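Predicted, not measured: the structure shown is a model, and the values here were computed from it.
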Number of protein chains: 2
Amino acid sequence: MARKAPTNLEYALLGLLHAQPQSGYDVRKTFATTAIGNYSSSPGAIYPALRRLESNGLVTGKIDSSTELRPRKVFAPSRKGRAVFRQWLQADFTPEDVAKKFDDLMLRLAFHGVLDDLAATRDFLRVLATETDRYIEDLEDQLRQFPEQTPIQPRLALGSGIEQYKAAARWAHQSVKKLTEDGS
Amino acid sequence: MARKAPTNLEYALLGLLHAQPQSGYDVRKTFATTAIGNYSSSPGAIYPALRRLESNGLVTGKIDSSTELRPRKVFAPSRKGRAVFRQWLQADFTPEDVAKKFDDLMLRLAFHGVLDDLAATRDFLRVLATETDRYIEDLEDQLRQFPEQTPIQPRLALGSGIEQYKAAARWAHQSVKKLTEDGS
DNA sequence: TCGCACATGTAACGTGTTACATGATTCA
DNA sequence: TGAATCATGTAACACGTTACATGTGCGA
């Protein structure tokens with residue numbers, strides 16, 4: 001065994017199927033119209049990913065012929081799929097994740113509700129907040145270490161990143177507070 | 001002809017070579033230690049990309065045997081490479097770019113200095129600022145359209161995105177102001 | 001002598017992109 | 001009749017990831 005970990009797209013699909021069993025076409029619409037991750041809604045990505053999930057036993061597909069249109073294939077997570085998904089949600093994350101894969105962490109957060117454990121979400125956000133604070137210092141160091149004559153454009157680009165991470169940090173701290181207040 | 005457009009990694013390499021002709025190993029170090037894009041420093045990405053640039057005539061490589069270590073291959077942009085790079089910097093961008101490829105735009109901004117035209121950078125930021133404002137409204141609409149019973153986690157995840165884009169918008173507007181003041 | 005920094009590369013693999021194919025139903 | 005929407009899929013392709021290969025010089 002020791003199967004390879006699912007890709008982010010596969011986790012995103014698994015998450016959507018947790019909320020509501022649905023077809024590939026349905027999730028394509030979701031990807032096309034909402035800001036979830038930034039996953040492509042291209043059929044060449046979605047359908048093969050659903051196939052992989054199915055052949056790994058993480059979802060089960062059933063043909064729904066009840067409609068008069070072309071039959072839909074509706075997928076739902078299996079018990080194993082649910083277990084794998086929960087483990088992904090609860091996995092530790094590293095400083096590198098904050099620096100390079102912030103979006104992945106937001107994807108996990110978006111689906112954190114399936115754990116049905118606000119304390120877990122609060123802890124997640126707490127770690128995120130402190131790691132983000134740390135990374136901001138890192139970025140500010142990089143800005144300081146730019147040589148004197150560095151033109152303004154790279155400074156601006158880095159500055160944009162810093163401002164965005166600062167906003168994320170404020171948001172994370174505030175969210176922890178919010179969850180602590182109405183969660184206890 | 002009608003060559004395929006370079007990848008972002010290739011543009012990033014081209015940009016670094018504009019600042020200073022250097023070897024693959026040199027750029028790997030840069031990628032490994034700075035926040036430039038989030039490009040990987042893996043040799044399996046860098047060396048083939050440099051090869052592609054070379055075979056498309058965008059950079060030229062010269063063996064530098066002056067050191068006693070294993071000889072380095074130092075790359076520099078060609079005339080054609082410089083032209084292609086400038087065109088990339090000046091290309092229009094779409095709302096989709098702001099929504100899904102903000103990082104790419106920051107990469108372009110970081111290298112905008114090679115245009116040596118502060119007015120161009122200011123215009124770039126102006127468009128970026130207004131498009132970002134627009135996208136924020138989009139995201140806030142999505143948040144409002146969440147059904148009543150939506151759990152808090154997806155709201156938080158979307159909220160994080162909104163806060164980050166708001167920070168980016170403030171930064172962009174402020175940068176325009178800064179460039180207008182000391183640029184005229 | 002062991003390992004690390006320098007320096008460049010290759011091979012297998014998996015995944016996403018793009019473009020195409022198919023076919024039914026609904027509406028103008 | 002033709003176009004749009006529903007719905008699923010495949011094939012070619014290119015790129016990045018991971019892991020491996022190779023070889024020198026230097027410091028412990």
- [ ] Take the protein atom NZ of A:Lys73 and the nucleotide atom C1' of D:dT10, then report the distance between them rounded to whole Å.
- [x] 15 Å

TODO: In whole angstrom, give the distance that lies between atom CG of B:Leu9 and atom P of D:dG16.
DONE: 5 Å

TODO: Under 4.0 Å from any atom of DNA chain D, heavy atoms only: list the residues of residues 36-52 of chain A that qualify, in numerical order.
DONE: A:Pro43, A:Gly44, A:Tyr47, A:Arg51

Open item on the list: I need the NZ-P distance between A:Lys62 and D:dA7, as an integer number of Å.
Closed with: 19 Å

Open item on the list: According to salt bridge (charged side-chain N to carboxylate O under 4.0 Å, His left out), does anything in residues 143-165 of chain B pair up with another residue at least two apart or in another chain? List the pairs.
Closed with: B:Asp141-B:Arg144

For residues 36-43 of chain B, tabulate all N or O donor-acceptor pairs below 3.5 Å that involve a side-chain atom, not counting sequence neighbours.
residue, atom, partner, partner atom, Å
B:Ser40, OG, B:Ser42, N, 2.9
B:Ser40, OG, B:Ser42, OG, 3.2
B:Ser42, OG, B:Ala45, N, 3.4

Open item on the list: Whole angstroms only, please: what is the CZ-P distance between A:Arg72 and C:dT25?
Closed with: 16 Å

TODO: Starting at atom CG of A:Leu53, determine the distance to atom P of C:dT15, rounded to an integer number of angstrom.
DONE: 10 Å

Open item on the list: Is the ring pair B:Phe111/B:Phe85 parallel, tilted or perpendicular, if the boundaries are 30 and 60 degrees?
Closed with: perpendicular

Task: d(CG, B:Asp64; C1', C:dT8) in whole Å - done: 14 Å

- [ ] Among residues two or more places apart or on two chains, list those pairs meeting salt bridge (charged side-chain N to carboxylate O under 4.0 Å, His left out) that have a residue in residues 43-59 of chain A.
- [x] A:Glu10-A:Arg52, A:Glu54-A:Lys73

TODO: Write down the distance between NZ (A:Lys4) and P (C:dA12), rounded to a whole number of angstrom.
DONE: 18 Å

- [ ] May I ask you to say whether A:Glu131 pairs ionically with A:Arg134, meaning some side-chain N is under 4.0 Å from a carboxylate O?
- [x] yes

Open item on the list: Please list, in numerical order, the residues of residues 14-31 of chain B that have a heavy atom closer than 4.0 Å to any atom of DNA chain C.
Closed with: B:Ser23, B:Gly24, B:Tyr25, B:Arg28

TODO: Check the distance between D:dT17's P and A:Asn8's CG and give it to me in whole angstrom.
DONE: 13 Å

TODO: Determine whether more than 12 heavy atoms belonging to other residues, nucleotides or ligands lie under 6.0 Å from atom NZ of A:Lys100.
DONE: yes

Open item on the list: Side chains of A:Lys166 and A:Thr132, heavy atoms from C-beta outward: is any pair under 4.5 Å?
Closed with: no

Open item on the list: Counting only heavy atoms from other residues, nucleotides and ligands, does the tally under 6.0 Å from CD of A:Gln142 exceed 12?
Closed with: yes

TODO: With sequence neighbours left out, write down each residue that passes ring pair (Phe, Tyr, Trp, His ring centres under 6.0 Å) with A:Tyr135, or none if nothing qualifies.
DONE: A:Tyr165

